[in-house]
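Everything quoted here is computed from the prediction, not taken from an experiment. When reading the values below, keep in mind they use all heavy atoms of this one structure, side chains included, and skip hydrogens, waters and symmetry mates.
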Amino acid sequence: EVLSDQQTTTYEAADGSSFDFATKVFTNRQLDRQTVGSAELADEELTVRLRKPESEEVELASAVFPNQHLASIIQAARKGETFVRAQVFDGADNGTETFFTQTVIGRPRTGIADDAAETGVLPATIASQKWWPVSVSYFKETTSGREGGGENEPFYSVSFKLYENGFSRDLRMDYTDFALKATLTELKAADGP
């Protein structure tokens, strides 16, 4: 039996210009891999500076960071659009690549009647908001171009229920060989602004 634990911390500037990331991967409680770095987006170029596992600077094609990507999905959903494509950098894996993403947005809904386990966990201010079922597929870049087209399988996909205010729940991450499902059990408001 193998115990795998991944811990990720990120910070994204509100204007989408910079992104800091740190990931630790533990196997059987022993640190197996660590990635620490930052990325800056300026003039349609993405510069990634890694500090761990080794100091390295990488120039990548323009991409958005995760919160900007989420904001674009919400904006499209509000307009009634059902499909969004974007190049995304999230610092995942080795922190030196972007993912081509394809997002499918379902019809808007309200309420949480479909999730009895989450009833009572969400405050009324969130539970009464409009939400959309969303599925995002992540495709790796290759030297010959994007894998995200034709018959290629995504590297992984994420589905969740996305609220107008950016809150999400009922998360499922599918890595083809295995999948993870997260159910909201507790919600605490953060202190401060």
Side-chain angles (χ1 to χ4, degrees), residues 1-12 19-37 39 46 48 50-54 56 58 60-61 63-70 72-73 76-77 82-106 114-118 121 131-163 166-186:
E1 180 174 298
V2 175
L3 176 64
S4 181
D5 178 16
Q6 179 172 317
Q7 301 170 7
T8 301
T9 303
T10 63
Y11 172 80
E12 181 176 333
F19 183 73
D20 297 329
F21 56 96
T23 300
K24 292 180 180 180
V25 177
F26 295 87
T27 304
N28 293 329
R29 296 192 169 95
Q30 297 294 316
L31 183 61
D32 187 34
R33 189 177 65 209
Q34 185 173 14
T35 305
V36 178
L46 181 64
V48 179
L50 290 177
R51 291 186 298 281
K52 290 184 181 181
E54 297 176 2
E56 179 181 4
V58 179
L60 301 173
V64 296
F65 300 126
N67 286 340
Q68 293 294 315
H69 183 224
L70 188 65
S72 71
I73 294 169
T82 58
F83 196 71
V84 175
R85 291 180 187 209
Q87 199 70 27
V88 177
F89 177 84
D90 63 5
D93 284 345
N94 58 14
T96 60
E97 59 188 332
T98 62
F99 290 92
F100 174 67
T101 64
Q102 296 183 9
T103 302
V104 177
I105 306 166
D114 59 326
D115 293 311
E118 294 181 352
V121 176
W131 59 269
W132 299 267
V134 171
S135 178
V136 184
S137 295
Y138 292 78
F139 298 87
K140 282 193 167 193
E141 295 286 324
T142 66
T143 54
S144 61
R146 293 183 177 133
E147 289 185 10
E151 301 298 318
N152 293 321
E153 292 283 323
F155 180 59
Y156 70 97
S157 61
V158 180
S159 59
F160 51 96
K161 292 172 180 159
L162 177 62
Y163 285 77
F167 178 81
S168 63
R169 65 181 178 90
D170 199 16
L171 175 73
R172 178 182 165 84
M173 300 180 78
D174 189 341
Y175 291 90
T176 307
D177 293 337
F178 67 95
L180 303 172
K181 182 172 174 34
T183 301
L184 182 66
T185 58
E186 184 178 7

Under 3.5 Å side-chain donor-acceptor pair for Q87 and T98: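 Distance-only check passes for Q87 and T98.
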Between D32 and Q30: side-chain donor-acceptor atoms closer than 3.5 Å: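 Side chains of D32 and Q30: no pair found under 3.5 Å.
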Minimal non-hydrogen separation, [X] against [Y], with atom names:
X: A22; Y: V36; answer: CB-CG2, 4.1 Å
X: H69; Y: A86; answer: CD2-CB, 3.7 Å
X: T176; Y: P154; answer: OG1-O, 4.2 Å
X: G91; Y: F19; answer: N-CE2, 4.0 Å
X: E1; Y: N28; answer: O-OD1, 4.0 Å
X: I73; Y: I105; answer: O-CD1, 3.7 Å

Verdict with supporting geometry, F26 and Q6, side chain to side chain contact (heavy atoms under 4.5 Å, CB included): CA-CA 6 Å; F26 295 87; Q6 179 172 317; over 6 Å; no
Worked verdict on K52 versus L50 for side chain to side chain contact (heavy atoms under 4.5 Å, CB included): CA-CA 6 Å; K52 290 184 181 181; L50 290 177; over 6 Å; no
Partners passing ring pair (Phe, Tyr, Trp, His ring centres under 6.0 Å) against F178 (at least two apart in sequence or in another chain): Y175
Separation of [Y] [atom2] from [X] [atom1] (nearest 0.5 Å):
X: W131; Y: S168; atom1: CH2; atom2: OG; value: 12.0 Å
X: L171; Y: L162; atom1: CG; atom2: CG; value: 11.5 Å
X: T96; Y: E56; atom1: OG1; atom2: CD; value: 6.0 Å
X: R172; Y: S135; atom1: CZ; atom2: OG; value: 10.0 Å

Step-by-step side chain to side chain contact (heavy atoms under 4.5 Å, CB included) determination, T27 to L3: CA-CA 6 Å; T27 304; L3 176 64; over 6 Å; no
Chi angles and distances behind the side chain to side chain contact (heavy atoms under 4.5 Å, CB included) call for N94, T35: CA-CA 6 Å; N94 58 14; T35 305; 5.6 Å; no
Sidechain-backbone polar pair: E12 side chain, N67 backbone, donor-acceptor under 3.5 Å: yes
Any side-chain heavy atom of [X] within less than 4.5 Å of one from [Y]?
X: Q102; Y: F83; result: yes
X: F139; Y: F155; result: no
X: F65; Y: V88; result: no
X: V136; Y: F160; result: yes
X: W132; Y: K161; result: no
X: F89; Y: F21; result: yes
X: L31; Y: K24; result: yes
X: V134; Y: V104; result: no

Whether Y138 and F99 hold their rings parallel, tilted or perpendicular, with breakpoints at 30° and 60°: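 Aromatic pair Y138/F99 classed perpendicular.
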Partner set under salt bridge (Lys or Arg N to Asp or Glu O under 4.0 Å) for R33, not counting sequence neighbours: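 R33: no salt bridge (Lys or Arg N to Asp or Glu O under 4.0 Å) contacts found.
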Sequence-distant partners of D20, salt bridge (Lys or Arg N to Asp or Glu O under 4.0 Å), two or more places apart: none
Ion pair D170/K181, N-O distance below 4.0 Å: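 K181 and D170: salt-bridged.
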